[in-house]
Trainee: 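Provided herewith is a single structure, encoded as structure tokens, for subsequent inquiry.
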Number of protein chains: 2
Amino acid sequence: MARAGLSPRAVVDAAIAVVDADGPAALTLAAVAARTGVATPSLYKHVAGLGELRTLVSLRVLEEVGEVVNAAAVGRSGDAAVAAVMQAWRRYVLDHPRRYMLLPLAPHADPMLEAAAKRLLEVFFAVLAGYGLGGADAVHAIRRLRAAVHGFASLEAAGGFAMAEDVGTSFDGLVEMVVASLRPPGDQAHPAVVGRR
Amino acid sequence: MARAGLSPRAVVDAAIAVVDADGPAALTLAAVAARTGVATPSLYKHVAGLGELRTLVSLRVLEEVGEVVNAAAVGRSGDAAVAAVMQAWRRYVLDHPRRYMLLPLAPHADPMLEAAAKRLLEVFFAVLAGYGLGGADAVHAIRRLRAAVHGFASLEAAGGFAMAEDVGTSFDGLVEMVVASLRPPGDQAHPAVVGRR
DNA sequence: GCCCTTAGGCTAATACCGTTAGCCACTGGG
DNA sequence: CCCAGTGGCTAACGGTATTAGCCTAAGGGC
């Protein structure tokens, strides 16, 4: 019989296709095997098991989010950078709502996810450096940013906003809320457009 | 043989105990049956199946959150009410992190959850009325509030805040961020302490 | 061009889960 | 005291992950 020519990479691709099609709960070795045209046990030649596959899918999602967020941040600073990062984050969720549900919330706990999480964190730190935030203040600011954008994203991905009002408008308000909390008290203006590295 | 004296209520109680002990993924009919000292199929006399049990557990969580949030809001208004509501929300998460992961994100979609969701929403609307917010502005404000508090809560419940800085301090900043976004632009003061019903 | 190693597929078998069907005993009311 | 129904049970089925063991296609060394 002709070989299927699978690889760990291809297995994860198929797994993501399953998630996108039928949601995170449908991510099963049997479904992935069916999609790749292979018997279920064959997947073990490429992946240690369902647990590892889940982790690999989460890693992929984390990397993809890191990618788009990083891309949104380059060449921008201050309010514009924060807004771009948040918009990019939401865009990812709108493009891949099912997939987003597998974003790991505590990636630092898993060695496989650690590096990708660090990269995302560094983008945040770089963006916040433009506000003169550092040390503990930067950590608290990043937590506000992360909580706001992830909270909104997870709710929107799950279809949690039922009322008729435009969700994009709500998100604009969220961005403004976060941005305002980064500015020094009493400062209504945008911070220096020339960011710092 | 002596009867176990189960009831739908008791089954949900046991299910919540399972979740609190071993996490949402461990919520299985077999685990609940073991905990209640009954064979697995016996549970079907009280609950339609695993799916319904999950919904009932989610309903319980939603009701509990609604309870503590409502309790926090009574007798308060303005910034104090918003702060109290958010603090109560977080307290629930700290007290029951595993359980919180089953909070339904789109409760309006399920008839069983709809009423409990409505109650929570009404608390939010009442709290925001003290800021003179109504109509679309209130909806956008509620979405900001919900995104911020749920985002923070879900991250904290999952153990997502790895860095050493005090998480409570971060949360205080989150509350301040939300509160500031509710005040009219340029207004640094707290809104009228005399809230409206 | 042949052989031999190995990677990548397979089937068979096990264990655990949810679910359904059908049986039986305890319980409480007439 | 009887009897109907509720709430338990066992048996059986299908789907799932996982392990073991086999077998063959693929590709490099001679």
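Chain letters run A, B, ... following the sequence lines, proteins first, then strands; residues in each count from 1. Note that the structure is predicted; figures quoted are calculated from it, not measured.
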Trainee: To the side chain of Pro41(B), which of dG18(C), dG9(C), dA11(D) is closest?
Mentor: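 Looking only at side-chain atoms, Pro41(B) lies closest to dA11(D).
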Trainee: Please report the distance, rounded to the nearest Å, between CG in Leu50(A) and P in dC17(C).
Mentor: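 That distance rounds to 15 Å.
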Trainee: Does the salt bridge (Lys or Arg N to Asp or Glu O under 4.0 Å) test come out yes or no for Glu114(A) and Lys118(A), once each step is laid out?
Mentor: CA-CA 6 Å; Glu114(A) 223 173 348; Lys118(A) 184 153 170 272; over 6 Å; no
Trainee: Side-chain N or O of Ser42(B) less than 4.0 angstrom from OP1 or OP2 on dG7(D)?
Mentor: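 Looking at the OP1 and OP2 atoms of dG7(D), neither is under 4.0 Å from any side-chain N or O of Ser42(B).
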Trainee: Is the phosphate of dA17(D) approached by Thr28(A) (side-chain N or O, under 4.0 Å from OP1 or OP2)?
Mentor: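 Yes, within the criterion.
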Trainee: When the nearest nucleotide of DNA chain C is assigned to Lys45(B) and to Gly49(B) on a heavy-atom basis, which residue is associated with the more 5' position?
Mentor: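 The residue closer to the strand's 5' end, by nearest nucleotide, is Gly49(B).
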Trainee: Over all strands shown, is Ala39(B) touching base, sugar-phosphate only, or nothing at heavy-atom distances under 4.0 angstrom?
Mentor: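 Answer is base: heavy atoms of Ala39(B) come under 4.0 Å of a base.
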Trainee: Strictly below 4.0 Å: does Thr40(B) bring a side-chain N or O up to OP1 or OP2 of dG18(C)?
Mentor: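 Looking at the OP1 and OP2 atoms of dG18(C), neither is under 4.0 Å from any side-chain N or O of Thr40(B).
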Trainee: Go through dG18(C), dT16(D), dG9(C) for me and flag the one nearest to the Ala30(A) side chain.
Mentor: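 Looking only at side-chain atoms, Ala30(A) lies closest to dT16(D).
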Trainee: For the backbone of Val19(A) and the side chain of Arg99(A), can you confirm whether one donor and one acceptor N or O come within less than 3.5 Å of each other?
Mentor: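 No, the answer is negative, given that no donor and acceptor are paired below the 3.5 Å cut-off.
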Trainee: At less than 4.0 Å, is any side-chain N or O atom of His46(A) found next to OP1 or OP2 of dA7(C)? Yes or no.
Mentor: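 His46(A) to dA7(C) OP1/OP2: no side-chain N or O under 4.0 Å.
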Trainee: Please verify the inter-ring angle class for Trp89(B) with Phe124(B); under 30° counts as parallel, over 60° as perpendicular, anything in between as tilted.
Mentor: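 Geometry flag for Phe124(B) against Trp89(B): parallel rings.
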Trainee: For Gly159(A), does its backbone N or O pair with a side-chain atom of His108(B) as donor and acceptor, under 3.5 Å?
Mentor: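 Checking the backbone N and O of Gly159(A) against the side chain of His108(B), a donor-acceptor pair under 3.5 Å is found.
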